[in-house]
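I have a structure I would like to understand better, so I am pasting it below and will then ask my questions one at a time.
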Amino acid sequence: MKKEAAGETESISIQVIERMVSLLDALAAYPDPVSLKELSAVTRLHPSTAHRILNDLVVKRFVDRVEPGTYRLGMRLLELGNVVKSRLSVREAALDFMRALHRKTHQTINLSVRQSDEIVYIDRSFSERSGMQVVRAIGGRAPLHLTSTGKLFLSIDDPKAVRAYAMRTGLAGHNKNSITDLTKLERELSMVRTLGYARDNEELELGVRCMAAGIRDDSGKLVAGLSISAPADRLQEEWVEDLVSTAHQISTALGFDDRQA
């Protein structure tokens, strides 16, 4: 009986998603706000069903209610679309440069972006035949203050935002090297701003060190971090110059102009 109930629940969830998508597709087909009556007719949904789903979409900003009974696509879709666009374009622009940097260092090269209070690894370049490497799983997450790329993003936040981050997360640590004190983190971020790149000295994982440089888009916005992860005793200081140069090349490929800095 439990399996049957679970199957019914899953079926209902899929049905709701299908109805929601059909309403979004219908709205996308109209340049102007659309009435509930029209949407109901186009999607073949009962007006009460369409109204209920549209109300939920309005709450989440996927749909705007222009006036009673008429709807159009909401700004949340544009926001998400821009996020997807930036990540896809960054990955496409970065791949060849990441491979070249990997060939030079023989260590794992990571591409990651900020998502709320964490970084998310969205791509990597490594080789099975390059010996011992530190490989981060694509889709993996880590706290901002424990990672080199995370520090890049925190370094561009104003002091109030950094303090708010510290309050939200408690600056939880993973080991004895983790930065768990706000004053120490603020000093670290000041150093990142001065140097133009960031480090993780075994703060996320003992035995692993990283260095990261920022990637900017055509508007000058920091959109991703490029990092080298290596066993602590293998990370070489001379790689900093190559890392920063590679991140700059990717930024240029995205349309970034030094004069924007």
For Leu45, is there any backbone N or O sitting under 3.5 Å from a side-chain donor or acceptor partner on Thr49?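 Not confirmed, Thr49 side chain does not pair with Leu45 backbone.
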Under the side chain to side chain donor-acceptor pair (under 3.5 Å) test, residues paired with Gln236 that sit two or more places apart: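 By the side chain to side chain donor-acceptor pair (under 3.5 Å) rule, Gln236 matches no residue at all.
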Residue pair Ala224 / Leu111: nearest heavy atoms and the distance that separates them: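 It is CB-CD1, 4.1 Å.
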Inter-residue atom distance Ser116.OG - Leu144.CG, 0.5 Å rounding: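 Result: 8.0 Å between the selected atoms.
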Between the main-chain N or O of Asp242 and the side-chain N or O of Thr246, is there a donor-acceptor pair closer than 3.5 Å?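 Side chain of Thr246 to backbone of Asp242: a pair is present.
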Take a 6.0 Å sphere around CD of Glu238 and say whether it holds more than 12 heavy atoms from other residues, nucleotides or ligands.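 Enclosed: over 12 neighbouring heavy atoms sit under 6.0 Å from CD of Glu238.
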With clusters defined by side-chain heavy atoms of hydrophobic residues (ILVMFWY) lying less than 4.5 Å apart, directly or transitively, does Leu24 cluster with Leu80?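 Shared cluster, yes.
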Is Leu206 isolated, or which residues cluster with it under the ILVMFWY side-chain rule of less than 4.5 Å, directly or via members?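 When side chains under 4.5 Å apart are linked, Leu206 ends up in no cluster with other residues.
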OH-OG distance between Tyr121 and Ser227, expressed to the nearest 0.5 angstrom: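 Between atom OH of Tyr121 and atom OG of Ser227 there are 6.0 Å.
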Considering only residues two or more places apart or on different chains, which pairs with a residue in residues 16-30 satisfy salt bridge (charged side-chain N to carboxylate O under 4.0 Å, His left out)?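 Passing the test, one end in residues 16-30: no pairs.
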Apply salt bridge (Lys or Arg N to Asp or Glu O under 4.0 Å) to the pair Asp200 and Arg209, showing each step before the final yes or no. CA-CA 5 Å; Asp200 157 19; Arg209 296 171 61 206; over 6 Å; no
Just by distance, do the side chain of His102 and the backbone of Gln107 share a donor-acceptor pair under 3.5 Å?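 A pair under 3.5 Å: yes.
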Tell me, which pairs form a side-chain hydrogen bond (donor to acceptor under 3.5 Å, both in side chains) where one or both residues lie in residues 151-171, sequence neighbours left out?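 Those involving residues 151-171 are Arg114-Asp157, Asp117-Arg168, His145-Tyr165, Lys151-Glu188, Lys151-Glu203.
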Separation of Cys210 SG from Leu204 CG (nearest 0.5 Å):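 If we round to the nearest 0.5 Å, Leu204:CG and Cys210:SG are 7.5 Å apart.
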Side-chain donor or acceptor of Ser178 paired with backbone N/O of Thr180 under 3.5 Å: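 Judged by distance alone, no pair lies under 3.5 Å.
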Got a list of side-chain donor-acceptor pairs under 3.5 Å for residues 64-73, not counting sequence neighbours?
residue : atom : partner : partner atom : Å
Arg65   : NH2  : Asn55   : OD1          : 2.3
Thr70   : OG1  : Glu67   : N            : 3.3
Thr70   : OG1  : Glu67   : O            : 3.3

Look up atom CG in Leu171 and atom CG in Asp181, then write down how far apart they are to the nearest 0.5 Å.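 Between atom CG of Leu171 and atom CG of Asp181 there are 8.0 Å.
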Ring pair (Phe, Tyr, Trp, His ring centres under 6.0 Å): which pairs involve residues 22-57, sequence neighbours left out?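 Every pair satisfying ring pair (Phe, Tyr, Trp, His ring centres under 6.0 Å) with a residue in residues 22-57: there are none.
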Which residues pass the side chain to side chain donor-acceptor pair (under 3.5 Å) test with Arg61, not counting sequence neighbours?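 Arg61 satisfies side chain to side chain donor-acceptor pair (under 3.5 Å) with Glu79 once adjacent residues are dropped.
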Any residue meeting salt bridge (charged side-chain N to carboxylate O under 4.0 Å, His left out) with Lys221, in chain and number order, not counting sequence neighbours: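 Scan of Lys221 (salt bridge (charged side-chain N to carboxylate O under 4.0 Å, His left out), adjacent residues dropped) gives none.
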Please list, chain by chain and in numerical order, all residues satisfying side chain to side chain donor-acceptor pair (under 3.5 Å) with Glu202, sequence neighbours excluded.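 Partners of Glu202 by the side chain to side chain donor-acceptor pair (under 3.5 Å) criterion come out as none, since no residue qualifies.
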Taking only residues at least two apart or on different chains, which pairs with a member in residues 27-46 satisfy salt bridge (charged side-chain N to carboxylate O under 4.0 Å, His left out)?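 Passing the test, one end in residues 27-46: no pairs.
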With sequence neighbours left out, what residues match Ala26 under side-chain contact (heavy atoms from CB on, under 4.5 Å)?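 Testing Ala26 for side-chain contact (heavy atoms from CB on, under 4.5 Å), a comparison that skips the adjacent residues, returns Leu39, Val42, Thr43.
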To the closest 0.5 Å, what do you measure between OG (Ser219) and CZ (Phe256)?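 Ser219 atom OG to Phe256 atom CZ measures 9.5 Å (nearest 0.5 Å).
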Tell me the closest heavy-atom pair linking Ile215 and Leu226, and the distance in Å.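 In terms of heavy atoms, the two residues are closest at CD1-CB, 4.0 Å.
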Say you draw a straight line from CG of Leu54 to CG of Leu36; how long is it, rounded to the nearest 0.5 Å?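 One gets 6.5 Å once the value is rounded to the nearest 0.5 Å.
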Side chain to side chain donor-acceptor pair (under 3.5 Å) partners for Ser112, two or more places apart: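 Partners of Ser112 by the side chain to side chain donor-acceptor pair (under 3.5 Å) criterion, ordered by chain and then number, come out as Thr149.
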Is a side-chain N or O of Thr252 found less than 3.5 angstrom from the main chain of His248, in a donor-acceptor match?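 Confirmed, Thr252 side chain pairs with His248 backbone.
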Tell me the closest heavy-atom pair linking Arg234 and Trp239, and the distance in Å.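 In terms of heavy atoms, the two residues are closest at O-CH2, 3.3 Å.
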Quick one: does Arg91's side chain have a donor or acceptor within less than 3.5 Å of a partner on Ile122's backbone?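 Confirmed, Arg91 side chain pairs with Ile122 backbone.
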